[in-house]
Amino acid sequence: MGRKISPEEQSWCLDKVTGKVVISKGLENICIDKSTICYIDGFHSKLYYRGYSIEDLAKNSTYEETVYLILYGKLPTRRELNDFSGWMREERDIPREVIELLAKIPRDIEPMEMLRTAVSYLGNLDPGRHDMSLEGVIRKTIRLISKMPTIIAYWYRIRDGKEIVCPDPRLNHAENFLYMMHGGKPEQILARAMDVSFILYAEHEMNASAFTAVVIASTLSDYYSAIVGAIGALRGPLHGYANVEAMKQFDEIGSPENVDKWYREYILTGRKRVMGAGHRVYKTYDPRAKIFREYAREFAERYGGKVKTYYQIADRLEEYVMKQLCETRNICTNCDFWSGIVYYAMGIPVDLYCAVFAAARTVGWSAHVIEYVTENRILRPRLYYDGEIDREYIPIENR
Ligand code: ACO
């Protein structure tokens with residue numbers, strides 16, 4: 001028999017005042033650093049990047065400008081923006097070796113698994129991969145955010161047996177992505193919605209994937225490892241993959257008339273969670289969901305068909321969530337509830353939605369890596385040991 005360790009022997013886990021063991025399961029409300037990148041007021045539906053509200057940015061900015069803002073902390077002048085957008089355009093092509101890799105990757109893997117592999121390989125091909133200076137990380141960030149849409153579009157076309165469509169430097173970031181996906185210049189309203197979706201997904205404070213990136217960077221590992229780790233964290237259905245799961249959930253419900261039955265059968269019984277609802281920080285409506293929702297409504301009216309059916313199912317389900325979960329338990333719909341319907345209207349296959357999210361979020365991950373390592377301290381929390389110590393080792397033949 002061993003012996004249990006007492007709480008007093010693990011003083012780092014005790015509250016200084018009460019002397020009781022404190023466990024922050026899920027690191028809820030733990031501040032790991034100061035930051036000037038992003039502020040979320042989860043009680044008043046507010047989100048700011050570098051002090052600018054998400055509503056202002058979604059209305060007036062572009063992804064290119066928002067990337068500049070997030071990375072450099074200020075809005076660019078016209079000249080700075082032109083130079084910066086030009087830099088992003090120049091970085092869109094991907095090396096031949098990566099195209100060959102995409103052709104070899106099994107067709108049936110998830111796009112996030114493909115993206116993880118392709119980003120890692122891009123790192124292998126970058127001679128400056130170990131340069132963690134500010135300029136070095138910014139250069140790699142521009143490299144990645146410009147190339148990730150190309151990787152996703154090429155992958156989509158390769159797996160569908162279509163010719164790839166090379167980037168068009170005359171188009172902006174969002175237009176070019178849709179152009180590479182579909183092989184034609186997109187409708188302006190769809191291109192603008194894609195641009196806004198990139199803005200909405202660009203950054204969101206110390207979420208699980210940003211934290212993963214920062215943990216990796218805090219060991220003084222390299223930038224590509226940090227981003228590959230973040231892609232892995234985003235892929236989970238509790239995080240970024242919720243936009244894919246929300247669409248599967250709408251498919252499972254099938255029609256607006258089935259929402260009531262489905263809700264009673266699965267949500268009221270606790271057998272399932274509403275995908276695209278609930279948030280660790282937002283205890284009221286996610287401000288990004290409001291913007292995505294408005295695009296989804298507009299596209300449902302404009303395009304009808306399955307876009308409209310998805311919208312009607314989501315609209316009905318949201319009514320239940322808002323009345324039964326949001327009002328009573330602060331579990332409200334989040335951005336991933338609505339974004340998929342917007343992407344669906346653009347003709348993007350459902351399984352790619354989380355990868356599109358990752359392409360946008362890479363800027364936020366990178367900004368946090370830069371900010372954290374500037375005054376670095378390795379991230380190293382503790383666990384409360386609840387097992388035994390000093391157990392007698394018994395030779396295998398005697399067990
Ligand atoms: N549907 C139904 N019940 C829910 C939901 C939901 N979507 N979310 C939380 N709850 C319930 C839980 O069952 C739990 O109930 P209990 O106390 O009776 O056991 C309670 O609310 C607290 O849930 P936690 O998982 O502890 O909350 P946490 O803050 O840890 O998790 C999370 C947040 C992961 C986002 C959660 O709300 C969830 O699973 N949502 C669905 C997935 C989703 O939409 N993820 C996207 C988040 S946004 C993003 O990452 C981009």
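Each ligand, and each atom within it, is numbered from 1 in the order the structure gives.
- Protein residues having at least one heavy atom under 4.0 Å from any atom of ligand 1 are Pro237, Leu238, His239, Ala242, Arg273, Val274, Met275, Gly276, Ala277, Gly278, His279, Arg280, Arg329, Ile331, Asn334, Asp336, Phe357, listed by chain and number.
- Nearest heavy-atom pair, Val342 versus Ala296, reported as atom, atom and distance to 0.1 Å: CG2-N, 3.8 Å.
- Ring-plane geometry between Tyr320 and Tyr263 is classed as tilted, the angle between the planes lying from 30 to 60 degrees on a 0 to 90 degree scale.
- Applying the ring-ring contact (aromatic ring centres under 6.0 Å, His included) test to pairs two or more places apart or on separate chains, none has a residue in residues 115-163.
- The shortest side-chain heavy-atom distance between Tyr223 and Arg139 does not fall under the 4.5 Å cut-off.
- Checked against the 6.0 Å centroid criterion, the rings of Phe250 and Phe337 qualify as a close aromatic pair.
- When the options Arg316, Arg293, Glu298 are evaluated for a side-chain hydrogen bond (donor to acceptor under 3.5 Å, both in side chains) with Tyr311, the one that passes is Arg293.
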